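Working notes, beginning with the structure itself.
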Amino acid sequence: MSRAQKARALRWLCTLAAAAALVVILFPVYAIIVGSFESTNTLFSGTFYWLPHAATLDNYRTVLGHASASTQETVGGSQTGAVVTSLLLGLGTALLALVVAVPAAYALSKYRLRVTVILVSSLLVAQIVPSIVLATSLFIIFHWIGLVNSYPGLILADGTYAIPFAILVLRAFFFSLPNELMDAARVDGASEWGTFRLIVVPLSRSAVITVAVFAFLAGWGDFIFALTILNGAGIEPITLGIYNYLGNYSTDWGAVMAAAVIALVPAGVLLVMAQRYIATGLTAGSVKG
Amino acid sequence: MRTQVRAEAPTSAAAAAGAASRPAGSGSRRRLSGWRKQQLAGWLFLTPAIAYLLFAFALPIVYNVMLSFQQTSPATIANLTAPFAGLDNYRFILNDPTSRAAIVRTLEFTFFSLLFQFLIGFSLALLFSLRFPGRTLARSLVIVPWLLPLIVTGVIFRFLFQAEGGAINQVLVQIGVVHDPVQWLNDPNLAFWTILIANIWLGVPFFTLLLYSALQDVPVEVREAAIIDGAGPWQRLRLVIVPIILPVIEVTLLLGFVFTVKVFDLVIGLTGGGPANATQLITTWSYNLSFQVFSFGEGAALNNVLLLLALICAPLYLWLSRGSLRRSRGADR
């Protein structure tokens, strides 16, 4: 074999290795997507079908059917209301994260302030705090101030996933904006707020989108706070709906998988839409803080 | 990260230049008032974040510490405080076999998760930094596990590990590795491996992505120099590449540690802490104490053990992030 042939063979060997790794990595997701189209009989037939065998939409009918106005009835039944609830939580968390994080990140990167080091350290430490620690306290505190079983309460709690991360990622991004840009705006008579709103925010669109996407996914995917702060009846996001399926309908795996697939959709859509931003935004924030 | 590292060098120069030019052009009174205005604006921009951090982090942590020293009851939900109880709650969790097992298990779970996540993640990162057909696609697909809601991952694996009908057993039987279905979730010894496997699966993308981007920062000249000097692949890896990317390896392991001691959704969805509490971690057992039996004080004490465990990393994390901390008004390019 010539040298070039050897190199080519080696390259295809790498492709093969990567393909094998991807089979393992993607298998769980693939298996539930296939499973969500199977009947319970097929699922428990003892054979794993790599492609849907006698495909059916029954599971999706169970999960999305009988839409009712009352969220109460959705527990263990239709998840349509839960999907809407999760969308609202995701959007609320994204909005909260942007309102809190964008100005803060700007101040922490472009102003000489005494608190900068303390605040950035606090944010790094805040990322470390386990959610269950916050959940126990927040449940009682929210009970006291009337935020249990409410959207604002849950969104405030979901913000703990997104906000420290958002500030650090945006701060890393803002460092790349040249100071001359802001100085020029000031010389032209723009106020500090005007400079921020008209110059900085528009130029930071990609970083802001990254942060909003991740905050949305944090709100959409939250389970701990939904489990603790929602405490029973009323609001029920899709994550809690899936968990309740396990308890109430432990045999209806088809429906569980259809609900799980629905819960994956936003991640999939956002991954495809925002892929370009995600990798850069993320690595900038998590390694360099 | 790549852009960050590249930006590092010019930044200090630019900052120095900025520091030098600012006072020079700022003799007038207008400049001073501009400085004051900027201080005020900076603080105003920070106000929502400071308020949020105090409300959503500082307050719950302080309250959690208070709760851990109180004789709580379900009525604590309404009363907010309870009688002082000294160290009773801590004594309880240190004597309670399930709590102690949960603490030890959390450490084991974290150790094995990190070990395998690092080995697999680093191997994939090395693989992806080679040139081969389809590597861009492979790299973008590898992060899929990271984007699922954690409870969904737990539920997916609960299905996959079902003794009857679970895809893992079906495949294992089909390819003839085992004859009878493995009782993954019903056997207390095997159940620990299910949460470990699921968590390794979950964390590999994070390690792969971060280590991959670190590998991209190793200068080509350095690699070529090592090849010219006659270093074999293993020597190049051990003596050249690993030392260069060591800071990133440290941060990745540190963040991996923090993520892993926090794991909750995955275990609740996969095993619920069972069978017979065989997969209870600190997080799940704390949830059980606080929200199933309403012993908030005991739950809070266990929470503080977890918090302490997680915060062990804080000084190291801050030290590793010192470059970013020290940086004030940076600008590059």
Side-chain angles (χ1 to χ4, degrees), chain A residues 11 14-15 17-18 21-22 25-26 28-29 31-32 43-44 48 100 103-104 106-107 110-113 116-117 120-122 124-126 128 130 132-134 136-138 140 143-144 156 160 163 172 175 178-179 192 221 223-224 228 239 242-243 253 260 263-264 267 271 283-284 287-289, chain B residues 1 4 38 41-42 45-46 48-49 52-53 56-57 60 63-64 77 80 124 127 130 132-134 138 141-142 144 147-149 151-152 155-156 159-160 164-165 167 170-171 213 248 251 258 262 264-265 283 286-287 290-291 299-300 303 306-307 310 314 317-318 321 324-325 328-331:
Chain A
R11 278 205 293 275
C14 290
T15 306
L22 282 178
I25 288 170
L26 297 180
V29 178
I32 62 144
L43 278 176
F44 288 86
F48 180 75
V100 172
Y106 177 55
K110 292 298 182 193
Y111 289 85
R112 291 168 183 280
L113 299 168
T116 301
V117 171
V120 175
S121 311
S122 312
L124 289 166
V125 173
I128 295 176
I132 189 71
V133 176
L134 301 176
T136 314
S137 295
L138 285 178
I140 301 178
H143 202 275
W144 204 62
L156 279 171
T160 58
I163 285 170
F175 279 132
N179 290 336
E192 294 301 311
F223 174 68
I224 300 185
T228 52
T239 48
I242 292 171
Y243 180 66
W253 274 108
L264 306 184
L271 171 68
T283 45
V287 176
K288 278 297 176 175
Chain B
M1 208 223 71
Q4 282 310 108
Q38 287 196 17
F45 282 137
L46 285 178
Y52 184 79
L53 286 176
F57 286 96
Y63 184 60
N64 192 70
I77 301 173
L80 207 60
L124 287 180
L127 178 64
L130 302 171
F132 60 85
L141 284 177
V142 85
V144 163
L147 294 165
L148 312 183
I151 182 72
V152 172
V155 170
I156 290 174
F159 167 70
L160 295 179
E164 311 289 334
Q170 288 180 343
V171 171
S213 65
V248 179
V251 175
V258 169
K262 289 193 212 189
F264 173 81
D265 311 29
T283 52
S286 152
Y287 167 75
S290 297
F291 292 96
N303 278 344
L306 179 67
L307 192 60
Y317 188 29
L318 293 179
S321 309
S324 148
L325 273 176
S328 56
R329 192 176 186 256

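Residue numbers begin at 1 in each chain, while the letters A, B, ... track the order of the sequences. These numbers come from a predicted model, not from an experiment.
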Atom group of [X] that falls short of 4.5 Å from chain A, counting heavy atoms:
X         : answer
Leu124(B) : side chain
Ser290(B) : side chain
Tyr63(B)  : both

What residue, out of [options], has the most heavy-atom pairs lying under 4.5 Å from chain B?
options                                   : value
Thr160(A), Ile32(A), Val29(A)             : Thr160(A)
Ala31(A), Ala21(A), Ala126(A)             : Ala126(A)
Ala17(A), Ser121(A), Gly221(A), Ala260(A) : Ser121(A)
Leu26(A), Thr228(A), Thr239(A)            : Thr228(A)
Leu134(A), Leu22(A), Ile128(A)            : Ile128(A)

message: Can you classify the ring geometry of Phe223(A) versus Tyr243(A) as parallel (below 30°), tilted (30 to 60°) or perpendicular (above 60°)?
response: perpendicular
Contact class of [X] relative to chain B, heavy atoms under 4.5 angstrom:
X         : result
Leu156(A) : both
Ile25(A)  : both
Ile224(A) : both
Tyr106(A) : side chain

If we define contacts as heavy-atom pairs under 4.5 Å, which of [options] has the most with chain A?
options                                   : answer
Ser286(B), Ala49(B), Ala300(B), Gly134(B) : Ala49(B)
Val152(B), Val258(B), Leu53(B), Ile77(B)  : Ile77(B)
Ile156(B), Val144(B), Leu80(B), Leu306(B) : Leu80(B)
Phe264(B), Tyr287(B), Phe159(B)           : Phe159(B)

Close side-chain approach of [X] and [Y], heavy atoms under 4.5 Å:
X         : Y         : answer
Val125(A) : Ser122(A) : no
Val133(A) : Pro60(B)  : no
Leu46(B)  : Pro103(A) : no
Asn179(A) : Lys110(A) : yes

field: For Arg11(A) against Pro133(B), the heavy-atom pair lying closest together
entry: O-CD, 3.9 Å
message: Give me the atom names and distance for the closest heavy-atom approach of Phe132(B) to Thr15(A).
response: CD1-OG1, 3.4 Å
field: Residue among Val117(A), Val120(A), Leu124(A) satisfying side chain to side chain contact (heavy atoms under 4.5 Å, CB included) with Leu318(B)
entry: Leu124(A)
statement: With sequence neighbours left out, the residues meeting side chain to side chain donor-acceptor pair (under 3.5 Å) with Asn64(B) are Asn303(B), Asn304(B)
- request: Taking side-chain contact (heavy atoms from CB on, under 4.5 Å) as the test, write out the residues that go with Pro48(B), two or more places apart.
  value: Val100(A)
